[in-house]
Amino acid sequence: MKKIFLIIVSICAIFTACKIDEPDKDLKRIVFDPGNLQFISTSLNPTKETSSALYGNQEALKSLTNENHQPDPNSEFKLVTWKYHENPQYIGGTITGELLSIETLSVDKSGNISYRIQNSSEKEKIQQNQKERIQYIMSYKPVIRP
């Protein structure tokens, strides 16, 4: 009976000794709430280690399926960019981490486009390239779902 008890205790000791407790490295995971917008597409930038998700309303989705790459009136887009890092639970996997920016592209009834960016450390640099950013957002292809 003592041998069985010692075997069980040693097995438990081995499994608990292998547990690695990593601190959260001060990473704050913010979940973006798209509200009434729906997911359109996603992209990764391995060089900058960022992932982005594009959300939009029905008019925005329709705009991206057109060949002219011009946003339809009443379109609203939000491009959300996160820094990603390794998933501690899965080897080779990544998860979103720090929220870097939320770029909003809105089109009024007259077709006037407004662009703004929130939460970015590169806000001034991106503000200078608004036309490029608008073209970049409009270049996304919607994900086709079955």
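We find the CG-NZ distance between N74 and K109 to be 6.5 Å, quoted to the nearest 0.5 Å. Atom CZ of R116 is separated from atom NZ of K78 by 5.5 Å, given to the nearest 0.5 angstrom. To the nearest 0.5 Å, atom NZ of residue K48 and atom OH of residue Y84 are 12.5 Å apart. For the atom pair S63 OG and Q58 CD, the distance stands at 10.5 Å (nearest 0.5 Å). Within the model, atoms CD1 of I137 and CG of L105 stand 5.0 Å from one another, a figure rounded to the nearest 0.5 Å. Expressed to the nearest 0.5 Å, how far OG of S114 lies from CG of D108 amounts to 7.5 Å.
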Side chain to side chain donor-acceptor pair (under 3.5 Å) between T81 and T50, worked out: CA-CA 7 Å; T81 305; T50 60; over 6 Å; no

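L44 and Y136 fall into different hydrophobic clusters, where Ile, Leu, Val, Met, Phe, Trp and Tyr side chains are chained together by heavy-atom contacts under 4.5 Å. The hydrophobic cluster containing I102 also contains F39, counting ILVMFWY residues as joined when their side-chain heavy atoms lie under 4.5 angstrom apart, directly or transitively.
Within 6.0 Å of NZ on K83 lie more than 12 heavy atoms contributed by other residues, nucleotides or ligands. Residue-environment remark: CD (Q38) exceeds the threshold of 12 foreign heavy atoms within 6.0 Å.
At a cut-off of 3.5 Å, with distance as the only test, no side-chain donor of T104 or Y115 sits close to an acceptor on the other residue.
Scanning both residues, P142 and S41, for their nearest heavy atoms gives CA-CB, 4.4 Å. Contact record, P71 with M138: N-CE, 3.5 Å, taken as the closest heavy-atom pair.
The closest side-chain heavy-atom distance from E59 to E76 is not below 4.5 Å. Considering only heavy atoms from C-beta on, I40 stays 4.5 Å or farther from V143 through its side chain.
Using a distance-only test at 3.5 Å, with no hydrogens or angles considered, no donor-acceptor pair links the side chain of D72 to the main chain of S75. Side-chain atoms of N57 do not come within 3.5 Å of backbone N or O of L37 as any donor-acceptor pair.
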